[in-house]
Student: 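Quick one: the structure is below, and I'll ask about it shortly.
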Amino acid sequence: MLDSAVIEVRAGNGGNGQVAFIREALLPRGGPGGGDGGHGGDVVFIADSSVNTLTKFRWQRHFFAKNGNNGEGHHRSGAKGSSMEVSVPIGTEVWISEDGEDKELIGDLTQHGQRMIVAEGGRGGWGNTHFVTPTHQEPLLAEAGGDGEIRRVRLNLKLLADVGLIGMPNAGKSSILTAISAARPKVANYPFTTLEPVLGVVEFGPQAFVAVDIPGLIEGAHTGIGLGDEFLKHVQRTRVLVHVVDGSEDDVPARIKAINEEITQFDANLAKKPQILAINKLDLDEVAVLIDEIKESLKTVDGLHSETLFVSAATYEGIEELKQAMFNLLRSSYENEPHAEAIAEEEIPIIRPNIRKSSDVVIRDPEGQLRIVHPKAVRLAKGSNLESHEARLQFHRRLEQLKVTKALNSAGLLIGDTVLVGDWEFDWE
Ligand SMILES: Nc1nc2c(ncn2[C@@H]2O[C@H](COP(=O)(O)OP(=O)(O)OP(=O)(O)O)[C@@H](O)[C@H]2O)c(=O)[nH]1
Ligand SMILES: [Mg+2]
């Protein structure tokens, strides 16, 4: 069963670099003192073993990091924008989503604590301090901050069950899964109705966990009787078991012992998992009148380490309490053992998707005009006031250094042609 969500992530823009001057002898304007803009914050996914489903993304689909602040005079840099950290379950795959389709897998979060930068914040722009050259002691150029990345991504998660429902055929395991989740496994009044495990997401307040309903077990299952015990492997990685018993059957203790014996035969560790005993069909009179008797008889079951609840999957009596008990046991299990294999954080590489970006320097726009798209040149044009002749001279010098001039020439630019860059438009001199 796949859990899935499409969300939008937006990293912060970088702050703008500043053009500013500090009074200095011999320089009429003064020495450059424009501070750099702060970097924009990233949107980061962090794999977290205490998150089990993608349910929360139904209520929140937009995740924005903060912009960096602009630089100021007197060499003051702008503050960095804070990142947006989003916890996701272990096993989450991240896909670029375009037109409702999964385009490209850009990350797979497989370990607790693993981080993935899903949208990178824009770089802070440089202030004019960086643009001093021997010929330009009074730089009029500064960079605008870079844009933060914006992406639409699909998260896909193969659900792993936290809670396993076990018990004899016809006990009401599938009925209980139906009562606690949106899953609709087949329910019928004969043994072995369920032939394959069924997963359901159980919502509990703002939290959610996953329960799995498996085919019924009977005495001798470990020798292959009934459907055998192979489905027990689906509950081996759960943290909590709910042992469902039909309270209307005779000899409840013997039935419980038989199932516990089968799971011990399959895997002794499975038998040690925290268990909740759910005595089902409480709506039937024969069960309701026997509550005390059944409780008393359970004392004869050796090594029973279970909390016992009487429930009815038919009337929902006790179902909320059952959910609560599952949740409590799960929580303490996570507290005692946060994740199966603890891995030192520094060993986990950060996922930085390498999404191809355009490497164009110059393009022809639809009207046939040449437009400079080299990212550094564009940021410089956006961050500077190119109205003054002096600033334009400095800008041209930079274009040569960035090899933009060469690209313009190869694209067939002639003196007097119009060139576009950012919001500026000028005639090539
Ligand atoms: N009266 C009553 N009947 C119930 C209750 N829970 C389940 N049943 C009935 O018991 C029968 C078996 O229920 P299932 O949920 O299919 O049982 P199961 O444990 O999944 O059975 P298998 O899949 O065969 O292992 C069905 O006829 C259900 O309607 C209950 O709380 N009260
Ligand atoms: Mg069933």
Side-chain angles (χ1 to χ4, degrees), residues 161-195 197-200 202 204 209-219 221 226-227 231-232 234-235 238 240-263 273-301 304-330:
D162 308 291
V163 176
L165 295 164
I166 58 164
M168 295 213 164
N170 231 31
K173 299 176 298 298
S174 302
S175 304
I176 287 182
L177 187 69
T178 302
I180 61 178
S181 75
R184 291 293 170 261
K186 188 172 174 195
V187 169
N189 195 14
Y190 53 82
F192 304 117
T193 308
T194 303
L195 299 171
V198 181
L199 290 169
V202 183
F204 189 75
F209 57 89
V210 181
V212 61
D213 167 32
I214 61 165
L217 296 164
I218 54 175
E219 198 168 347
L227 291 177
F231 295 108
L232 280 175
H234 294 274
V235 295
T238 62
V240 171
L241 296 177
V242 174
H243 186 157
V244 184
V245 192
D246 181 344
S248 68
E249 296 274 6
D250 320 324
D251 208 358
V252 167
R255 294 176 158 259
I256 295 168
K257 278 188 242 178
I259 294 298
N260 281 342
E261 178 56 25
E262 291 307 319
I263 63 175
K273 284 189 198 280
Q275 233 185 60
I276 299 166
L277 203 51
I279 314 258
N280 191 28
K281 311 199 183 179
L282 176 59
D283 55 292
L284 300 177
D285 287 342
E286 64 253 50
V287 181
V289 297
L290 287 178
I291 289 185
D292 291 335
E293 204 167 302
I294 293 173
K295 276 189 188 158
E296 192 57 31
S297 69
L298 291 177
K299 290 185 182 153
T300 65
V301 183
L304 191 65
H305 54 277
S306 319
E307 179 177 355
T308 304
L309 292 169
F310 285 81
V311 302
S312 167
T315 63
Y316 282 47
E317 190 177 352
I319 292 295
E320 209 42 49
E321 290 81 352
L322 178 62
K323 274 164 78 170
Q324 175 82 59
M326 291 177 180
F327 182 75
N328 290 350
L329 270 188
L330 258 185

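Remember, predicted model here, so these are calculated numbers, not experimental data.
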Student: Would you check if Phe231 and Val212 make a side-chain contact, meaning some heavy-atom pair closer than 4.5 Å?
Tutor: no
Student: Do Glu307 and Asn328 pair up side chain to side chain, a donor and an acceptor below 3.5 Å, judged on atom types alone?
Tutor: no
Student: In Å, rounded to the nearest 0.5 Å, how long is the span from CD1 of Ile180 to CD1 of Ile319?
Tutor: 7.5 Å
Student: Excluding sequence neighbours, so at least two apart, what forms side-chain hydrogen bond (donor to acceptor under 3.5 Å, both in side chains) with Ser297?
Tutor: none
Student: Compare every heavy atom of Ala278 with every heavy atom of Val311, then report the nearest pair and how far apart it is.
Tutor: CG2-CB, 4.3 Å
Student: Taking the side chain as C-beta and beyond, is there a heavy-atom pair between Ile263 and Gln275 under 4.5 Å?
Tutor: yes
Student: Got a donor-acceptor contact below 3.5 angstrom from the Lys273 side chain to the Thr238 backbone?
Tutor: yes
Student: Which pairs of donor and acceptor atoms, one on a side chain in residues 166-179, lie under 3.5 Å apart (sequence neighbours left out)?
Tutor:
{"unit_1": "Asn170", "atom_1": "OD1", "unit_2": "Tyr190", "atom_2": "N", "d": "3.3"}
{"unit_1": "Asn170", "atom_1": "ND2", "unit_2": "Asn189", "atom_2": "OD1", "d": "3.1"}
{"unit_1": "Lys173", "atom_1": "NZ", "unit_2": "Met168", "atom_2": "O", "d": "2.8"}
{"unit_1": "Ser174", "atom_1": "OG", "unit_2": "Thr194", "atom_2": "OG1", "d": "2.7"}
{"unit_1": "Ser174", "atom_1": "OG", "unit_2": "Asp213", "atom_2": "OD2", "d": "2.6"}
{"unit_1": "Thr178", "atom_1": "OG1", "unit_2": "Ser174", "atom_2": "O", "d": "2.8"}

Student: Among pairs that include at least one residue of residues 244-253, which meet salt bridge (Lys or Arg N to Asp or Glu O under 4.0 Å), considering only residues two or more places apart or in two chains?
Tutor: Asp246-Lys281, Glu249-Arg255
Student: Can you find a pair of side-chain heavy atoms, one from Ile279 and one from Val252, that are under 4.5 Å apart?
Tutor: yes
Student: What's the spacing between Met326 CE and Lys323 NZ if we round to 0.5 Å?
Tutor: 9.0 Å
Student: Please list, chain by chain and in numerical order, all residues satisfying ring pair (Phe, Tyr, Trp, His ring centres under 6.0 Å) with Phe204, sequence neighbours excluded.
Tutor: Phe327
Student: Between atom CG of Asn280 and atom CD of Glu317, what is the distance when rounded to the nearest 0.5 Å?
Tutor: 11.0 Å
Student: Given side chains that start at C-beta, do those of Leu277 and Leu298 come closer than 4.5 Å, heavy atoms only?
Tutor: yes
Student: Atom NE2 in His243, atom CG in Leu217: separation rounded to 0.5 Å?
Tutor: 8.5 Å
Student: Please give me the minimum heavy-atom distance between Leu227 and Pro215, naming the atom from each residue.
Tutor: CD1-CB, 3.6 Å
Student: Where is the tightest heavy-atom contact between Phe192 and Leu195, given as atom of each residue plus distance?
Tutor: O-CD2, 3.6 Å
Student: May I ask you to test the Leu282-Ile291 pair for a side-chain heavy-atom distance under 4.5 Å?
Tutor: yes
Student: Enter the distance from Ile214:CD1 to Leu199:CG here, rounded to the nearest 0.5 Å.
Tutor: 11.5 Å
Student: Please list all pairs meeting salt bridge (Lys or Arg N to Asp or Glu O under 4.0 Å) that have one or both residues in residues 289-300, counting only residues at least two apart or in different chains.
Tutor: Glu296-Lys299
Student: Mind checking side chain to side chain contact (heavy atoms under 4.5 Å, CB included) for Glu321 and listing every partner two or more places apart, or none if nothing turns up?
Tutor: none
Student: Distance check, rounded to the nearest 0.5 Å: Ser248 atom OG versus Ile294 atom CD1?
Tutor: 9.0 Å
